[in-house]
Visitor: 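Got a structure for you, written out below as structure tokens; questions coming shortly.
Whatever order the structure lists them in is the order used to number ligands and atoms, beginning at 1.
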Amino acid sequence: MDITVKNRKLSGWIKEVAEMCQPDDIYLCDGTKKEYDLMMSKLLASGSAIPLKKRPNSYLFRSDPSDVARVEDRTYISTVSKDEAGPTNNWIDPAELKKTMRSLYKGCMKGRTMYVIPFSMGPIGSPIAKIGVEISDSPYVVCNMHIMTRVGSRVLDILGEDGDFIPCLHSIGAPLAEGQKDVQWPCAPIESKYISHFPEESLIWSYGSGYGGNALLGKKCLALRIASSVAKREGWMAEHMLILRLTSPEGKQYHIAAAFPSACGKTNLAMMRPSIEGWKCECLGDDIAWMKIGPDGRLYAINPESGFFGVAPGTSYNTNPMAMDSLKENVIFTNCALTDDGDVWWEGMTDDSPAHTIDWKGKDWTPGSPSDAAHPNARFTAPASQCPVICKDWENPAGVPIDIFIFGGRRSNAVPLVSEALSWDHGVFLGATAASETTSANIGAVGNLRRDPFAMKPFCGYNMGDYFQHWLNMGDKLGSKAPKIFYVNWFRKSSDGKFLWPGFSDNSRVLKWMCERIDAKVEAKESPIGLLPKDGDLDIKGINISAENMKELMSVDKAEWKAEIPDIENHFSLFGSRLPERLNKQLKDLSARLG
Ligand code: SAT
Ligand code: MN
């Protein structure tokens, strides 16, 4: 049961965790294909993995119905002072939280193997990469980490004897008694789940869930919550953003980073195929961007991940053909439906539903059944390298220079298709006040409007007021080299409840306008909320959208916007003295412009 590692901190930590969690066995991961196959064979033998006849080396998993998404209510930023975590995070005193969690961790791996997973966020050995080690008792987590991060012995070589890493402790919280039969998706009940972060010591402790961001700790926990707090200290940015490269017919490249909340179309935009002639889009990442100021004073972005953990429902050859083509083999599907011929299916995948499937709960499903065949937060885990439009620079450690930032969310009303910020400070104001209707990516009510600043509400590892200030500071440092900021809303609906904008590949039309703006090729029209395209400047050639709908889509209703002001005031009041005065000024200016 003893394993040897050279790194002293790691060796001590493994020993400490093993004593606390009391696993039956310890396994050190090497990241090889052989290891992946071994894990999968265990998962097949236990009945957790279902092989898919139609997709080579691909498997379906069904989670426990109580463990289907991130649990924001059970996610903690545990800093010594509560103020440091700020008003948007749950907080428990670190000593108290550790005491509670230690008692949960005690003996929690009995009957199971403890996997030690060394991984790198960002290309292994790159100066911007960060090393983490996840200890987990879930072979499903090992397989997902293989795809989503760079797992391997090389990480340990780089750590050497004294190198530092971010410890990420994970347990599904379901020990097995002697002779006890395992269930298909072991996890702990909701009230004992904890997703805890100790940013002051760069430490992550997760207990009780096996799903997505709760369990694959390199992603939201490390690459966003811990990284955002490190980035603030070190003067860089860790953001919930896709990264794409757009190339114009003339061959000019534009790099765009866009922040939308979970399940609002980041993956679709990142892999979009432009519907306008001659334009090309390539994907660098679909969820997380780490950005640093380069030697030339511009902001450079890398994607710290190596895979996509995307929402399956709604993904189809119409909406996202490049994602569909990324899913042909070597994929892990979770909570999708299983077809009779051994494939996965989800709502929106095909025009016609199959006549029969086994739904995500393992029950017979036929069209017209009262519930969905796939869970709305069903996911695919696929290697980024399988995306046909992955950019050749996606693993370039130098990153790509960002020209454009986009914020946005799901808003059925008020917010026009696109607007441009009046200045950096106004752009930060747009990010800080971003609001979106909630989705099933988090356990909780769906469709409620909530302020989700920079799409980081669930992911900012420190006081969000300080985070706003950090954005202002970055703008000050970047000066004239700062990316231009835009705000989009693909989801506006007409009064009869229909989407006004076709979205998907036609979103390229909006991106094209942004590029024309940064090249000063077109002028813009002033409005109280920002700059709008002048009539005729947004290229809508070849799409079927009535002039009336276009007008509604772009309209800014002063009364509707005035009604937003008290809500923004309310939102800002949360941050007390930590709210930068420059954002208050932006709010006053907006009120004045609305008259
Ligand atoms: O489960 S995850 O947090 O990884 C997905 C998401 O909410 O974006
Ligand atoms: Mn996300």
Visitor: With heavy atoms of Lys219 as the reference, note each atom of ligand 1 found under 4.0 Å away.
Guide: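 In order of numbering, the contacting atoms are 4 (O).
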
Visitor: Relative to the Mn ion (ligand 2), which of the N, O or S atoms in Asp287 is the closest?
Guide: OD1

Visitor: Who's closest to atom 2 (S) of ligand 1 heavy-atom-wise, of Gly218, Ala69, Ser440, Gly213?
Guide: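 Closest candidate by heavy-atom distance is Gly213.
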
Visitor: Short list, please: which atoms of ligand 1 are under 4.0 Å from a heavy atom of Lys220?
Guide: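 Once the distances to Lys220 are compared, the set is 2 (S), 3 (O), 4 (O), 5 (C), 6 (C), 8 (O).
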
Visitor: Under 6.0 Å from the six-membered ring centre of Phe459 and within 45° of its axis: does the NZ or CZ of Lys220 meet both?
Guide: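 Lys220 over Phe459 ring: yes.
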
Visitor: Measuring centre to centre across the rings, with the benzene-like ring taken for any Trp, is Tyr194 within less than 6.0 Å of Trp205?
Guide: no

Visitor: Can you list the atoms of ligand 1 that are under 4.0 Å from a heavy atom of Gly212?
Guide: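 With Gly212 as reference, the close atoms of ligand 1 come out as 1 (O).
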
Visitor: So which protein heavy atom does atom 7 (O) of ligand 1 come closest to, and at what separation?
Guide: Arg70 NE, 2.7 Å

Visitor: With the Mn ion (ligand 2) at the centre, find the angle made by NE2 from His240 and NZ from Lys220, to 10°.
Guide: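 The two atoms form an angle at the metal of about 90°.
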
Visitor: Using a 4.0 Å heavy-atom cut-off, say whether Phe309 meets ligand 1 through its side chain, its backbone, both or neither.
Guide: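 Just the side chain.
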
Visitor: Can you tell me the protein heavy atom closest to atom 8 (O) of ligand 1 and the distance?
Guide: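 Protein heavy atom with the smallest distance to atom 8 (O) of ligand 1: Ser262 OG, 2.9 Å.
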
Visitor: Near Arg379, which atoms of ligand 1 are under 4.0 Å from a heavy atom of that residue?
Guide: 5 (C), 6 (C), 7 (O)

